[in-house]
Amino acid sequence: MRSNRIAISVALLGALAVPALSATTATAAPATAPNSAVAADPCNRPGPWVIDTQAVNIRSKASASSTRVGILYRGHKFTVHKTSGNWHYITDNTTGVKGWVSGTYVFRSVHMCLN
């Protein structure tokens with residue numbers, strides 16, 4: 001009786017393992033996927049720009065010692081035009097102020113796909 005249970009358990013585990021192994025092999029992406037396929041995949045696209053703190057100074061130059069021309073608050077929509085080192089040249093869409101913000105506080109969010 002005990003040997004029958006063991007035999008049935010081994011057979012079931014073997015039957016469950018075979019589809020799992022073949023599924024991972026069959027659905028694996030090719031190593032040389034074209035760039036257009038990666039860009040079209042919603043899991044690989046960059047997310048929107050966000051602020052990691054309550055507010056960030058907008059500066060006239062890409063330097064912490066340059067003149068402050070405005071403040072970018074969390075929740076304001078903004079557009080990043082270019083990047084230089086760890087600084088981003090932005091336009092605050094709420095106030096219209098243009099200037100540089102530190103990349104320490106401003107970054108792109110990450111999309112996570114669970115498929």
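Quick note: residue numbers are just sequence positions, from 1.
Atom NE2 of H76 sits about 9.0 Å away from atom CD1 of I58, to the nearest 0.5 Å.
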Show me, pair by pair, the donor-acceptor contacts under 3.5 angstrom made by side chains of residues 93-105, not counting sequence neighbours?
| residue | atom | partner | partner atom | Å |
| --- | --- | --- | --- | --- |
| N93 | OD1 | T79 | OG1 | 3.3 |
| N93 | ND2 | T79 | OG1 | 3.3 |
| T95 | OG1 | D92 | OD2 | 3.2 |
| T95 | OG1 | V97 | N | 3.4 |
| S102 | OG | T104 | N | 3.1 |
| S102 | OG | T104 | OG1 | 3.1 |
| T104 | OG1 | N86 | ND2 | 3.3 |

Check residues 64-71 and write down every donor-acceptor pair under 3.5 Å in which the side-chain atom is one partner and the other belongs to a residue at least two apart or another chain.
| residue | atom | partner | partner atom | Å |
| --- | --- | --- | --- | --- |
| S65 | OG | S63 | OG | 3.0 |
| S66 | OG | K61 | N | 3.4 |
| S66 | OG | K61 | O | 3.1 |
| S66 | OG | S63 | O | 2.8 |

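Summarising the geometry of Y73 relative to I51, their closest heavy-atom pair is O-CD1, 3.3 Å, with the distance given to 0.1 Å.
V80 is connected to L72 through a chain of hydrophobic side-chain contacts under 4.5 Å among Ile, Leu, Val, Met, Phe, Trp and Tyr, so both are in one cluster.
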